[in-house]
Amino acid sequence: MNELGRRLLRSAGPGRRLLAIDAVLGVVSVALLIVQATLLANVISRAFLDGESVADLSGELIALAALAVARGLIASMFETAGRWGAVAVMSGLRRQLATKLLRERPGGLAGEQRGELATASVQGVDALEAYFAGYLPQLVISCIGPLAILIWSAPRDLIATAVLAVTVPLIPIFMVLVGRAAKRRADERWRTLTVLSGHFLDVVTGLKTLRANARADAQIETIERSGERYRDETIRTLRVGFLSALVLELLAMIGVALVAAVIGVQLAAGDLGLAAGLTVLILAPEVYMPLRRLGAQYHASTDGLAAAERIFEILDAPAAVSVAESPRPCPDPARSTLIADDVAFSYPGSREPALSGFTLAIEPGETVALVGPSGAGKTTLTHLLMRLADPAMGRVACGGIDLADVDPREWRRRISWIPQRPTIFPASVADNVRFAAPDASEADVLEALRRADALAFAEELPEGIETTIGDGSRELSMGQRQRIALARAFLRPGALVILDEPAANLDEGSERAVAAATADLLEGRSALLVAHRPEFVRLADRRVELRAPRRPDPSPVSTSGQPVIA
Amino acid sequence: MIEALLATRSRWPLATRAAILGALTICAAGALLAVSGYLISRAAQQPQILTLGVAIVGVRFFGISRSLLRYYERLTSHDVAFRSLTDLRLRFFRRLVPLVPAGLPGVSNADLLSRFVADADRMQDLYLRAVLPVATAILAGAIAVLAAGLILPAAGAAMIAVLIAGAIVAPLLVRTVARRSGTRQASARASATAEMTTLVQAAPEIAVAGREEDWERRTADTGGRLARLMRRDAVASGLAAGLAEAVAAGAAVVMALVAIPAIGDGEIAGVVLAALVLLALASAEIFTPLGAAATSVDAVSDAAARLDAITSRPDPVPEPASPRPLPAAGPLRMSGVDFSYPGESEAILNHAELTVSPGEAVALVGRSGTGKSTIADLLTRFRDPDRGTVEFGGTDVRGLDSDELRKAVRLAPQDAHLFATSIRANLALAAPEAGDDELTEALRATGLGPWLDALPDGLDTHVGEAGAQVSGGQRQRIAAARLLASDARFLIFDEPTGHLDAENAKKVVAAAIAAARDGRGVVVITHDESLLGGFDRVVGIHDGRLTSGGTRAVERRQP
C-alpha cells in the first residue's frame, strides 16, 4: 500500500475498522477456497476410482453446496464492507474539507478548482469504492492466499508445490518490471481520451462562434482527423502495454500446465493419490490469480485515489489565516485608522505575486475608492483587509494593532462586505437577507430590503419575499444580486464597509439604484470601494490607484475628468 | 442505444472479430482446466506414460493460446472502441450543428453542451464495456453448453442451468439493485454536490458573515443523509454481487450431481468426471464480467437516450433546397419583424424595422433582455422571425445559403468563444486570408497592441482551454478583432465592451466605427449609453419596438 492509501485509511476511523473486517474476511475466503478444492477433489476421486454414488457422497456434496453459499456471503460482505469504507472515508473528507475551507482558507480557491473539487468530494465516493471494495480486499487475499495454498499443497505434492513456489514469485517481479509500462499505458489512454474530449468540448461550446464564421463543417473533418490520429497513437502504446500483460498471463498459464504435467507423471508412476493431485491442480490457478488481479484492481482504483488526492491537496495546504493563541482585543475601524502597510501576497501555485508592496490607510469615517486595471490585486487587497488571508509580507493593522494578533472572526464581525458576485443561496429572499443575521425579525428584513432598493422587485416575485431564489429556477440579474447583498449589509452593518463593484453589464437603472443605496449605507462608516465607474467613484472622499505588480500595464486608467473630491 | 449501434454498422465486422476472440479466450481457459482434469484422471489409471503425451501437449496448447488470444482480443476491442467513439462523436456533432443556438431552448446552453460532451464520451463504453462482454458471454456460453452436452447431454443441461443463474439472473439482479439505488441516491447526491459547490464558492462570504458553524453542520447533515442511503444500498448490491460468486462455486456441485449418476449408469467413463466438474468451475469466466457489463449497458443507453433527445430536435432554421446567389450589394434590412421565444407569451420584437446600409455605423441600445441579441441572431439567420422579413441586398435571407450569408454578415456573439489554440488561429477563423500584418493591426485597433507586444510568442501564443489564459476583456477584444480582420460586408458586435473599462471600451467602439468608414455596415449592440458618440445612428429598443433616437441620434430612421 502506498502513502496515499495509508493516508486514506488514517483519514477516517471507521475505514480502519472496515479494513480489519476485510482482512478477517480475506482469511476466511482463502480457507473456504482450500476446503472447497479438497472436498471437490475427494468427491471426484471417490466417484471415479471407487465408484461411489451420489448417496454415498451426500455428506460431501451437501458440504460443498453450503460452501458455495458461504463463499457468496463472504463476497457480499467484501463488497458491502468496501462500500461502507468508501462512504465513511468520503464523508470524513468532505467534513474536513468544509472546515478547512471555512476556517483556514476562506479566501477561496482558483476558479478552475471549484467545480472539480465539489464534484470530487461527492462523486469521488464511487471511484473510491473500487479501492475499498476491490483493491484492498484483493491486497489481503494476495498476501494470504498464495502462501496458504502452498502450505496446504506441500504435504500433498511436494514437487508440484515446488513448481508453484518457484514460479509464483516471478509474477510480482514481472509485475514490477512491467508495472511501469502498464501504468504508462493507463495514463496514455486516459490522456488521449482527455485530450480528445477537451477538444470536442471546446468545439461544442464554441459552436455558435463557429457557425457565425461559417466554419462548423470544417470542424467535422478536424474531429475525424484528430480522432483517427489519436486512435493510431494510442493503439500503438496499448500494444506495448498489453504485451506486458501477455507475459504475466503466459507465466501463470505455463505454470498451471507444468503443474498438471508434473502431477500427471507422478500419478502415472503411482507416486501420488488422485485426490491429492486434483486438490493441487484445482488450487494451482488460485495461486497466480490474486497477484494478477491485484494489478488490475489497482488500476481500477486510481480514479478514486485521484479524487482523494485532489482533496488532500487542499487539506494539506497551509492555513491562509493564522489564529493567535491569545488574541489581542479587537480594534474598531470606526475609531482607529486601518492600514495595509506594504502588503504582498501570492496565490499558491502561481509564480507571479497577486499584490506586491502596497500601502493604503483608511481613516475612521473615510470612504476610499480603489481603482486600477483588472488583475492588479484589488480583490486580493480586500481579502487581506478582511483577514480572509494573511499577507505574505507587510502587515494589516488597525489602531496600531497588527490584525494577525486578533481573532479573525471577531474582526470580520466589524465588516460588511458586498462582493463582486454576491452568492444567492437557494432559499427565500428573506432568508438570503438573513444570511447576515439569522435571527433578524421580518420587519428588520423588510427595512433592509427597502433601504437597499430591493423591496420593489422582491415584492413583485410570486410569493414576495418568501419566494425561493438562487436554485436555478429564478435567475436574478447582477444588479438584483448586488441589492440583496446590500440588504444583508443594511441588516447588520459593520463599522467598515467593503464593496467590490459589480463586474459588468449592470444596466444604467440598476447601477444608479445600487450606487444610491450604497451612498446611504456609507453614511458615517469607513469604507473601501473597489470601483471604476463614475457612479461609484464619486461616492468616495479619496481615490487610490493600484497598479499591477511587475507587469506591463495594458490599460492604464486615466485620472482626469472624474468628479472626485480630493 | 440501438440507434448508436446501427450508426456504427461499419464497425460490426471488427466487433464480431473481437467478440469471437473473447469467446475463444474463455474457451481456451475452460479447455485448459478440463483437459488437465482429464489428464490427471487418466494418469491415475496408471497407463503407459506415452499415452498421456497428447493431453500434456493439449494442456500447454490451451495455456499458451489463451494468453495470445487475450492479447489480440484486447487490441481488437480497444480498436473498436476508439473507432466507434469517433463515428458517434461526428454523428452527434453533425446533428447538433444546426440546433445551436435557436434549436435548444429552455436550457442553459453551457450546461447542456458540457453534458452533451460527457455523454458523447460515455459512448466509448458502448462496445468495450457493454456490447462486447455480452456478445462474448453468449458465444462462449454456447460453446461451453455444446462441449458439455457432447460428453453428456445432462451435463449440457446442467451447464445451461448454471449459465442462466450466473449470466442472466445474477447480472440482472446487480443491475436492478444499481438502478434502484441510483434513483434513490440521485437527489441526495445532487443536493450534496450543490451544497459543496456553494460552500466552495461562498466560503469567503460565509466567513465574513461568521456563519462557519451553520455551514459545517449543514454539510455534515446532508453528507450523513447521503451516507445512510449509500450504506443501505451497499448491502443490497453486496448480496447481488455475492450471488455470482455462489453460482460459480455451486456450479461444480450441480455438475457433480448430474455426472456421478451417469458414471453408475455407464453413460460416461469415470475418467471424464474431473473434466466436466472443472469445466463447470471454469464457467465463472463467462459470467463474472457480466455484472459490470449490465451496469455499463444502462449507463451507455441512458447517455445515448439523452444525446438523442437533444439531437432529434427539429432544425429551427432549415436551409433552402436550392439557395439563391448572394446579392453583390445592398443594405441589410429587417422589416415588420415579430419575434417571440418559444413558450413565452410576450413577443420580444413587435413589428421591428431596421436598415443598415454599407458604410453606416449603427448603435443598438436598450436594457438587458429587450431583444438586442435577438436582432443579431435574426440578421445572421440563427433565428427566423415569426412574421416579417430579413433581407440581405433585397433577397430574403431564408433563400440564401446561411454559411454564405454569415461570411458576408459576421457576428461576434456576446459570449464569443476563444478556441484552445493560437491567437492567430482564433483570428483566422473569421479571416482565413488575412496576413500577420492585418491580424496585428486588428488587435491594435481594439487596444490590444501593448499586450500583444509583451507576449513572447506574439500571434502564436496559445490562449489555453476555453480562453483561460486571457481575461474576459481581452477575450472580447480578440473576438472584436476577428471581425475587424475579416472581409465581411457587415459586422455585428454584440456587447463588445461588457468587461472593459471606459478607456478600452471607447477604443473598441471607435475601431468598429472606423470599419464603417471603409464602406462596411456596422452594428454595435450595447447597454452602455456613454459609448454612443460617433455613430451615424442610434437605435433604441423599447417594448419590442425599435426607435431612432437615444442620446445622440444623428438622423431619423432611414426609409
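Chain naming here is simple, since letters A, B, ... match the order of the sequence lines and numbering starts at 1 in each.
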Max heavy-atom pair count under 4.5 Å with chain B, selected residue of [options]:
| options | value |
| --- | --- |
| A/Arg211, A/Glu79, A/Arg83 | A/Arg211 |
| A/Gln266, A/Arg95, A/Arg94, A/Arg387 | A/Arg94 |
| A/Pro438, A/Ser226, A/Gly494 | A/Pro438 |
| A/Ala436, A/Ala284, A/Pro422 | A/Pro422 |

Check [Y] with [X], please: is the shortest side-chain N to carboxylate O separation under 4.0 Å?
| X | Y | value |
| --- | --- | --- |
| B/Glu212 | A/Arg409 | yes |
| B/Arg89 | B/Asp121 | yes |
| B/Glu205 | B/Arg211 | no |
| B/Arg218 | B/Glu213 | no |

Contacts of A/Arg231 that satisfy side-chain hydrogen bond (donor to acceptor under 3.5 Å, both in side chains) - sequence neighbours left out:
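Here the qualifying residues are A/Glu228, B/Asp79.
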Test of understanding: with side-chain hydrogen bond (donor to acceptor under 3.5 Å, both in side chains), list the residues that count as partners of B/Arg410, not counting sequence neighbours.
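For B/Arg410 the side-chain hydrogen bond (donor to acceptor under 3.5 Å, both in side chains) partners, ignoring immediate neighbours, are A/Asn213.
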Report the option among [options] that has the most heavy-atom pairs separated by less than 4.5 Å from atoms of chain A.
| options | answer |
| --- | --- |
| B/Gly63, B/Ser67, B/Ala246 | B/Ser67 |
| B/Ile260, B/Thr86, B/Ile40, B/Val253 | B/Ile40 |
| B/Ala430, B/Ser237, B/Ala241 | B/Ser237 |
| B/Arg42, B/Met230, B/Arg189, B/Arg94 | B/Arg189 |

With only heavy atoms counted, which part of [X] is less than 4.5 Å from chain B, the side chain, the backbone, both or neither?
| X | result |
| --- | --- |
| A/Leu243 | both |
| A/Ser91 | side chain |
| A/Val203 | both |
| A/Asp232 | neither |
| A/Leu40 | side chain |
| A/Leu57 | side chain |
| A/Val54 | both |

Over all heavy atoms of both residues, which pair between B/Ala479 and B/Ala416 is shortest? Give the atoms and the distance, please.
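Nearest heavy atoms, B/Ala479 then B/Ala416: CB-CB, 3.4 Å.
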Kindly give the heavy-atom pair with the smallest separation between A/Glu249 and B/Arg70, and that separation in Å.
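Scanning both residues, the minimum pair turns out to be OE1-CG, 3.8 Å.
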A/Arg71 CZ to A/Gln36 CD distance, which is reported to the nearest 0.5 Å:
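If I round to the nearest 0.5 Å, the distance is 4.5 Å.
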